[in-house]
Number of protein chains: 2
Amino acid sequence: MVISAELKEFFNSGYLTYIPHIYIDCVIFGYHNRKLKILLTKNGFLSEWCLPGGYMKRSESLQQAADRTIVDRTGIENLYLQQFRAFGDPNRTRYQNFDEEQWYSLTGLRLLKNNWLFDQTVSIGFFAITDFLKSIPSIDIESIESAWFNINELPELAMDHAEIVAMALKTLKIQLYHSPIGYNLLPEKFTLAEIQALYETLLEKKLDVSNFSKKLLTLGILEKANEKRNTSGHRSPYFYNFVRSNYEEALNEGIVLV
Amino acid sequence: MVISAELKEFFNSGYLTYIPHIYIDCVIFGYHNRKLKILLTKNGFLSEWCLPGGYMKRSESLQQAADRTIVDRTGIENLYLQQFRAFGDPNRTRYQNFDEEQWYSLTGLRLLKNNWLFDQTVSIGFFAITDFLKSIPSIDIESIESAWFNINELPELAMDHAEIVAMALKTLKIQLYHSPIGYNLLPEKFTLAEIQALYETLLEKKLDVSNFSKKLLTLGILEKANEKRNTSGHRSPYFYNFVRSNYEEALNEGIVLV
DNA sequence: ACAAAAGTGTTCGATCTACACCCATGT
DNA sequence: ACATGGGTGTAGATCGAACACTTTTGT
């Protein structure tokens with residue numbers, strides 16, 4: 001990996017800009033057509049894949065740090081990132097297993113043992129969900145690759161990142177139970193089969209067709225549009241769309257779904 | 001306030017032991033006889049009251065830090081502390097409004113602007129609930145007083161501590177809805193009226209006598225003991241006790257209560 | 001007897017679950 | 001006509017809210 005001047009600067013004096021002990025890790029779920037993926041990045045110095053994340057800057061808020069991190073590291077904008085847990089096992093630091101020589105041979109930089117990069121970090125976990133076809137990630141200075149992975153075909157993850165993913169998934173499911181989802185994951189108009197597929201994928205279980213649609217329609221979250229999708233070979237399904245006001249209300253008030 | 005040698009040492013070189021940017025704040029709910037209180041401490045240098053809390057030590061886990069903090073600061077042992085949120089507004093630091101002169105006149109110590117105590121901190125919020133009659137708090141070196149306050153008669157709180165309390169209370173209520181509580185808050189044997197009073201106080205609403213007991217008995221969490229409390233003037237209530245196995249199961253599996 | 005608190009029963013309606021059934025359409 | 005997926009209807013069980021009722025006990 002080529003060590004840019006920018007990266008060198010980051011290694012040597014990043015602690016002036018960033019707080020050395022507070023890291024943000026983001027679990028970005030991507031959904032499309034019955035597939036649930038998460039976004040991972042390949043750090044240039046680690047063999048395992050990582051969650052996209054970054055240090056918190058001095059004098060910014062946690063939320064700002066998370067939002068900035070995701071834009072910086074993946075180029076994806078307008079994600080609604082939600083905090084779900086802090087992770088703070090001892091000796092939790094990205095480069096804990098490197099000694100000075102190893103680091104030198106990898107980067108050509110001599111970093112002292114007390115360099116800020118080797119400090120213990122507490123990580124604040126955030127998660128978000130997006131349509132992975134609409135969200136094309138880019139990469140940042142510390143990374144060499146960035147990709148969507150199927151949730152049940154994840155590669156080896158660095159540090160405690162597997163645990164972070166597991167907790168995020170658990171939180172996502174609980175959340176889904178109490179508030180609707182879909183605004184950013186489905187097109188403007190969609191069929192009942194499509195939204196049910198979304199829920200079934202996220203919850204990892206089958207739902208009853210009749211009961212599912214009844215629920216969403218009774219709650220007033222969905223309404224039938226006067227249009228059908230043109231399929232062939234069988235009956236064409238109607239389009240539906242979200243009823244914005246009721247959707248928002250369900251987000252605030254909470255519902256019980258499924 | 002007298003500045004002990006220990007405190008002086010803490011101010012000057014605490015950063016060697018503690019991570020300057022990570023703070024733990026604990027909301028300790030105390031219940032007894034229809035009263036819900038929280039535990040606050042009076043810091044010797046601030047006019048407002050604070051949540052008991054402390055810095056995280058280098059190379060300990062978040063959970064260890066929280067557990068140690070509560071023992072150190074309040075002397076209360078065996079609390080089950082549960083993480084609920086991280087708070088990280090910019091410029092969030094306990095002594096942010098002090099300048100060098102003020103600090104000197106208060107403490108007799110000359111601390112530089114870049115002293116670790118003035119660093120921005122992210123706080124990880126934990127909460128727990130205990131019986132406040134059984135939990136007599138003691139105080140620590142930075143504090144001059146420690147006391148239980150009724151939840152709706154809280155004094156002015158430092159920094160964002162009011163927000164932390166509000167979030168903790170919200171989390172407690174949601175949690176109560178999904179899992180039983182009472183093991184450490186009620187005596188071994190208690191009456192239905194007593195456990196209902198507990199729930200009504202925590203949830204801040206009245207519950208129906210019949211439905212409440214039916215629910216807990218149907219779930220198998222409570223069982224009737226062959227004993228009555230001796231009251232006078234009217235019918236004596238039966239004692240009940242928790243059925244440990246079902247209680248634990250409800251904790252793990254989740255229930256819906258009320 | 002009656003007041004006060006303990007404890008039980010019952011009704012009504014909403015909601016969930018499971019499953020059967022009908023509909024539309026291309027071949 | 002039939003296969004395929006879209007969509008609806010309904011019986012039975014379960015649950016929850018509200019409230020009336022019975023029991024026990026001291027005065």
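Each chain gets a letter, A, B and so on, in the order its sequence line appears, and its residues count up from 1. Computed from a predicted structure; not experimentally measured.
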Selection [range] - residue pairs positive for salt bridge (charged side-chain N to carboxylate O under 4.0 Å, His left out), sequence neighbours left out:
range                       : value
residues 174-195 of chain B : Lys189(B)-Glu227(B), Glu194(B)-Arg229(B)
residues 248-257 of chain B : Arg244(B)-Glu248(B)
residues 143-159 of chain A : none
residues 169-187 of chain A : Lys173(A)-Glu204(A)

(Q) Tell me the interatomic distance from Arg229(A), atom CZ, to dG7(D), atom C1', rounded to whole angstroms. (A) 16 Å
**Q.** Separation of dG6(D) P from Leu222(A) CG (nearest whole Å)
**A.**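 About 16 Å, once rounded to whole Å.
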Q: Quick one, give me the B/S/- string for nucleotides 17-27 of chain D, reading 5' to 3', where B means a protein heavy atom under 4.0 Å from the base and S means that only happens at the primed atoms, P, OP1 or OP2.
A: BBB---BBBS-
Q | Reported CD1-to-CD1 distance for the pair Ile144(A) and Ile139(A), which is rounded to 0.5 angstrom | A |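 Ile144(A) atom CD1 to Ile139(A) atom CD1 measures 8.0 Å (nearest 0.5 Å).
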Q. When rounded to the nearest 0.5 angstrom, what is the spacing between OH in Tyr23(B) and OG1 in Thr121(B)?
A. 8.0 Å
Q) Where does the angle between the aromatic ring planes of Phe190(A) and Phe242(A) fall among parallel (under 30°), tilted (30 to 60°) and perpendicular (over 60°)? A) tilted
Q: List for me each residue that meets side-chain hydrogen bond (donor to acceptor under 3.5 Å, both in side chains) alongside Asp131(A), sequence neighbours excluded, and say none if there are none.
A: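 side-chain hydrogen bond (donor to acceptor under 3.5 Å, both in side chains) check on Asp131(A) returns His32(A).
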(Q) Check whether Tyr238(B) forms a cation-pi arrangement with Lys228(B) (NZ or CZ under 6.0 Å from the six-membered ring centre, at most 45° off the ring normal). (A) yes
**Q.** the helix from dA1(C)-dT27(D) to dT27(C)-dA1(D): angle between end helix axes, five pairs per end, rounded to 10 degrees
**A.** 30°
Q) So, Ser135(B) and Thr130(B): side-chain donor and acceptor under 3.5 Å apart, yes or no? A) yes
Q | Other residues, nucleotides, ligands: >12 heavy atoms within 6.0 Å of Asn78(A) CG | A |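 Counting neighbours around CG of Asn78(A), 12 or fewer heavy atoms of other residues, nucleotides or ligands fall under 6.0 Å, so no.
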Just distance, no hydrogens or angles: give the donor-acceptor pairs under 3.5 Å from side chains in residues 174-183 of chain A, sequence neighbours left out.
unit_1    : atom_1 : unit_2    : atom_2 : d
Gln175(A) : OE1    : Gln82(A)  : NE2    : 3.1
Gln175(A) : NE2    : Gln82(A)  : OE1    : 2.6
Ser179(A) : OG     : Gln175(A) : O      : 3.1

Could you pull out every donor-acceptor pair under 3.5 Å between side chains of residues 217-224 of chain A and any protein atom, sequence neighbours left out?
unit_1    : atom_1 : unit_2    : atom_2 : d
Thr218(A) : OG1    : Lys214(A) : O      : 2.4
Glu223(A) : OE2    : Asn241(A) : ND2    : 3.4

**Q.** Trace of the side-chain contact (heavy atoms from CB on, under 4.5 Å) decision for Phe29(B) with Leu169(B)
**A.** CA-CA 9 Å; Phe29(B) 292 104; Leu169(B) 193 55; 3.7 Å; yes
Q. Does a salt bridge link Lys205(A) with Glu200(A), judged by any charged N lying under 4.0 Å from a carboxylate O?
A.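 Salt bridge flag = no for Glu200(A) with Lys205(A).
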Q: Using chain A heavy atoms and a threshold of under 4.0 Å, write down where along DNA chain C the contacts begin and end, 5' to 3'.
A: dC16(C) to dG26(C)
Q.
Short of 4.0 Å, heavy atom to strand atom, which residues of residues 244-256 of chain B count as contacting DNA chain C?
A. none
Q: Give me the residues of residues 185-202 of chain A where at least one heavy atom lies under 4.0 Å from an atom of DNA chain C, by number, or none.
A: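 Contacting residues: none.
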